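Scroll down for the structure; my scribbles are underneath it.
Computed from a predicted model, the values in this text were never measured in an experiment.
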Amino acid sequence: MMNLYMYYLMILMFMFGSLTFISKRKHLLCTLLSLEFMVLILFSILLLYLNYMKFEGYFSMFFLTFCVCEGVLGLSILISMIRTHGNDYFQSFSVLQC
């Protein structure tokens with residue numbers, strides 16, 4: 001019964017992270033933070049599921065590896081955007097500029 005409540009709590013937290021991702025569209029850093037929050041919640045759900053089904057935890061290591069790659073890619077995009085445009089506002093640059 002406790003695991004069921006944990007799943008409900010994790011799904012609710014994922015929904016709040018998704019809502020934050022959808023609503024915070026001005027700053028790239030806010031969207032990256034909400035994406036990382038959603039990834040951590042998915043990792044927690046994955047660990048709970050793997051422990052419940054008595055599977056090995058090796059897949060969680062692959063998942064963490066891809067999560068780190070996603071985080072590094074997002075930070076590199078943020079750094080290149082700050083170097084070229086001066087801030088992380090989405091409204092400050094146009095896609096059509098060269």
Side-chain donor-acceptor pairs under 3.5 Å in residues 73-84, sequence neighbours left out?
residue, atom, partner, partner atom, Å
Ser76, OG, Val72, O, 3.3
Ser76, OG, Leu73, O, 2.7
Ser80, OG, Ser76, O, 3.3
Ser80, OG, Ile77, O, 3.0
Thr84, OG1, Ser80, O, 3.0
Thr84, OG1, Met81, O, 3.3

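- Under the 4.5 Å side-chain heavy-atom criterion for ILVMFWY residues, a single connected hydrophobic cluster contains both Leu48 and Leu50.
- Taking Ile, Leu, Val, Met, Phe, Trp and Tyr as hydrophobic and joining them when side-chain heavy atoms fall under 4.5 Å apart, one finds Leu12 in a cluster with Phe16.
- Between the OH atom in Tyr7 and the CZ atom in Phe14 there is a gap of 15.0 Å [rounded to 0.5 Å].
- Clustering of Ile, Leu, Val, Met, Phe, Trp and Tyr side chains at separations under 4.5 Å leaves Tyr58 isolated, with no partner residue.
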Taking distance alone, no hydrogens or angles, what donor-acceptor pairs closer than 3.5 Å link side-chain atoms of residues 59-70 to residues at least two apart or in another chain?
residue, atom, partner, partner atom, Å
Ser60, OG, Gly57, O, 2.4
Thr65, OG1, Met61, O, 2.8

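- Between Tyr8 and Leu4 there is a side-chain heavy-atom pair separated by less than 4.5 Å.
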Please tabulate, for side-chain N and O atoms in residues 32-47, each donor-acceptor pair with protein atoms closer than 3.5 Å (sequence neighbours left out).
residue, atom, partner, partner atom, Å
Ser34, OG, Cys30, O, 3.3
Ser34, OG, Thr31, O, 2.9
Ser44, OG, Leu40, O, 3.0

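- No path of Ile, Leu, Val, Met, Phe, Trp and Tyr side chains, each step under 4.5 Å between heavy atoms, connects Met15 with Met13, placing them in separate hydrophobic clusters.
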